[in-house]
There are 2 protein chains.
Amino acid sequence: MISAERALDALGDPTRRLVFKRLREGNRSVQEIADGLKVSRPAVSQHLRVLKDAGLAVVRIEGTRRLYAIDTRGLESLRGWLDGFWDKTLTAFKQAAEREAAKERRSR
Amino acid sequence: MISAERALDALGDPTRRLVFKRLREGNRSVQEIADGLKVSRPAVSQHLRVLKDAGLAVVRIEGTRRLYAIDTRGLESLRGWLDGFWDKTLTAFKQAAEREAAKERRSR
DNA sequence: CTAAATCGTTAGCCTTGACTTACCGTAAGC
DNA sequence: GCTTACGGTAAGTCAAGGCTAACGATTTAG
């Protein structure tokens, strides 16, 4: 099971989001991902590890290269978290509105 | 305009997520939110400021109390970011698959 | 078999930011 | 007026983690 909270923690860093966005361009090596970014290759490597542990990235080893790509399970987990949060927010709003209405009736 | 990146930064902290979740219970004062959490009231106050700046919370002043609630605009921004990311990921996947297919045809 | 390329890992530095304590302003109640 | 409750802000501490530099393992090329 992939934790949405882990994914949120992972995406809470701006540089890591840049790395994550570059994963959309398909299977890329660490070097390719690091090029164009302002941080060193080891930094990118560490960010990729966090993304992988959070279920947001997958690796495929090809010779000495490691090709990273997006793991859609992390995105699905995030979407689920967001949907659930949205639902609970709406029901809470509805209940609050009903309480307000009841209070109105009592005071009238 | 509300930035989804700001929202992601804000939700990248576990304690802040706890504060955010408590906002679903309706209009709550800072003291009420802090009760049940393991951090002090000023800490909660700072978290609320970050959430507010990120478009995830709104305040309503009532006497000496400030009632915080969820700002749905932040959630909508997040959802938009996630949907856009999902779309671009899929199209990138599709393009990659087409490139793979073209390579297959060439090698045959 | 040697050399180069690729990437992970570790150590250490240093910045960021989460937290507490203390203080101050403000609004309501006596 | 005075007091009490509520909450934002400042100052300071401290741990988390992001970064670089150096090293090591593995694979491919020649």
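Predicted model, so just to flag it, every value in this text is computed and none were measured. A note on names: the letters A, B, ... follow the listed sequences, proteins ahead of strands, and every chain is numbered from 1.
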Peer 1: Nearest nucleotide by nearest heavy atom, which residue falls closer to the 5' end of DNA chain D, L48(B) or V39(A)?
Peer 2: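 Going by which nucleotide is closer to the 5' end, it is L48(B).
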
Peer 1: Would you say S45(A) places a side-chain N or O within less than 4.0 Å of OP1 or OP2 belonging to dG8(C)?
Peer 2: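 Result: yes.
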
Peer 1: Could you tell me how far apart I61(B) (CD1) and dA27(C) (P) are, to the nearest whole angstrom?
Peer 2: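 Atom CD1 in I61(B) sits about 9 Å away from atom P in dA27(C).
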
Peer 1: Step by step, would you call D35(B) with R41(B) a salt bridge (charged side-chain N to carboxylate O under 4.0 Å, His left out)?
Peer 2: CA-CA 8 Å; D35(B) 291 343; R41(B) 180 193 55 78; over 6 Å; no

Peer 1: Assuming nearest nucleotide by heavy-atom distance, tell me which of E62(A) and V44(A) is located more 5' along DNA chain D.
Peer 2: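 Result: V44(A).
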
Peer 1: Picking from L78(A), I70(A), L11(A), what satisfies side-chain contact (heavy atoms from CB on, under 4.5 Å) with F85(B)?
Peer 2: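 The residue from L78(A), I70(A), L11(A) that satisfies side-chain contact (heavy atoms from CB on, under 4.5 Å) with F85(B) turns out to be I70(A).
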
Peer 1: Taking atom NZ as the centre, does K21(A) end up with more than 12 heavy-atom neighbours from other residues, nucleotides or ligands that are less than 6.0 angstrom away?
Peer 2: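 Counting other residues, nucleotides and ligands, NZ of K21(A) exceeds 12 neighbours.
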
Peer 1: What I want to check is whether an N or O donor and acceptor connect the side chain of R41(B) with the base of dG8(D) at under 3.5 Å.
Peer 2: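 Counting by modelled atom types and ignoring angles, a donor-acceptor contact under 3.5 Å is found here.
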
Peer 1: Tell me what K52(B) touches on the nucleic acid: a base, only sugar-phosphate, or nothing, going by heavy atoms under 4.0 Å.
Peer 2: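 Contact class for K52(B): none.
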
Peer 1: Taking atom C1' of dT4(D) as reference, at what distance in whole Å does atom CZ of R65(B) sit?
Peer 2: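 Between C1' of dT4(D) and CZ of R65(B): 14 Å.
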
Peer 1: Within this structure, what is the CZ-to-P distance between R49(A) and dG18(D), rounded to whole angstrom?
Peer 2: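 It is 11 Å, rounded to the nearest whole Å.
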
Peer 1: Establish, with yes or no, whether the OP1 or OP2 oxygen of dT6(C) is under 4.0 angstrom from a side-chain nitrogen or oxygen of S29(A).
Peer 2: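 Answer is no, no contact under 4.0 Å.
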
Peer 1: Are I2(A) and L82(B) joined in one hydrophobic group, where the rule is that I, L, V, M, F, W and Y side chains link up if heavy atoms are under 4.5 Å apart?
Peer 2: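 No; tracing contacts between hydrophobic side chains, which count when under 4.5 Å, never links both residues.
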
Peer 1: Between D53(B) (CG) and dT9(D) (C1'), how many Å, whole number?
Peer 2: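 Answer to the nearest Å: 14 Å.
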
Peer 1: On the nucleotide dG8(C), are OP1 or OP2 found under 4.0 Å from the side-chain N or O atoms that R66(A) carries?
Peer 2: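 Result: yes.
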
Peer 1: Can you tell me how far P of dG8(C) sits from CG of L51(A), to the nearest Å?
Peer 2: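 The answer, rounded to whole Å, is 12 Å.
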
Peer 1: Using whole Å, what does the distance between atom P of nucleotide dA5(D) and atom CD of E32(B) come to?
Peer 2: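 Going from E32(B) (CD) to dA5(D) (P), I get 15 Å.
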
Peer 1: Does dG18(D) have its OP1 or OP2 closer than 4.0 Å to a side-chain nitrogen or oxygen of R16(A)?
Peer 2: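 Looking at the OP1 and OP2 atoms of dG18(D), one of them is under 4.0 Å from a side-chain N or O of R16(A).
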
Peer 1: In sequence, state the C-alpha distance, the side-chain angles, and the governing distance for K52(B) and D71(B), and then conclude on salt bridge (charged side-chain N to carboxylate O under 4.0 Å, His left out).
Peer 2: CA-CA 8 Å; K52(B) 186 163 70 74; D71(B) 188 347; over 6 Å; no

Peer 1: So, does H47(A) get its side chain near the phosphate of dC19(D), meaning an N or O under 4.0 Å from OP1 or OP2?
Peer 2: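 It does, given that an N or O in the side chain of H47(A) lies less than 4.0 Å from OP1 or OP2 of dC19(D).
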
Peer 1: At less than 4.0 Å, is any side-chain N or O atom of Y68(B) found next to OP1 or OP2 of dG8(D)? Yes or no.
Peer 2: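 Yes, such a contact exists.
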
Peer 1: Applying the side-chain contact (heavy atoms from CB on, under 4.5 Å) test to H47(B), which of I33(B), V30(B), L37(B), T15(B) qualifies?
Peer 2: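 The option that passes is T15(B).
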
Peer 1: Which one, dG7(D), dC7(C), dT27(D), comes nearest to the side chain of V30(A)?
Peer 2: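 The listed nucleotide nearest to V30(A)'s side chain is dC7(C).
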
Peer 1: Would you say a side-chain N or O of S40(B) is under 4.0 Å from OP1 or OP2 of dT20(C)?
Peer 2: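 So the side-chain polar atoms of S40(B) do come within 4.0 Å of the phosphate oxygens OP1 or OP2 of dT20(C), strictly under.
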
Peer 1: Could you tell me how far apart D13(A) (CG) and dA18(C) (P) are, to the nearest whole angstrom?
Peer 2: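 Those two atoms, CG and P, are 12 Å apart.
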
Peer 1: Among dC19(D), dG7(D), dT26(C), which is the nearest nucleotide to the side chain of A43(A)?
Peer 2: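 Output: dC19(D).
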
Peer 1: Would you mind reading off the distance between R60(B) atom CZ and dC6(D) atom C1', rounded to a whole angstrom?
Peer 2: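 After rounding, the gap between these two atoms is 16 Å.
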
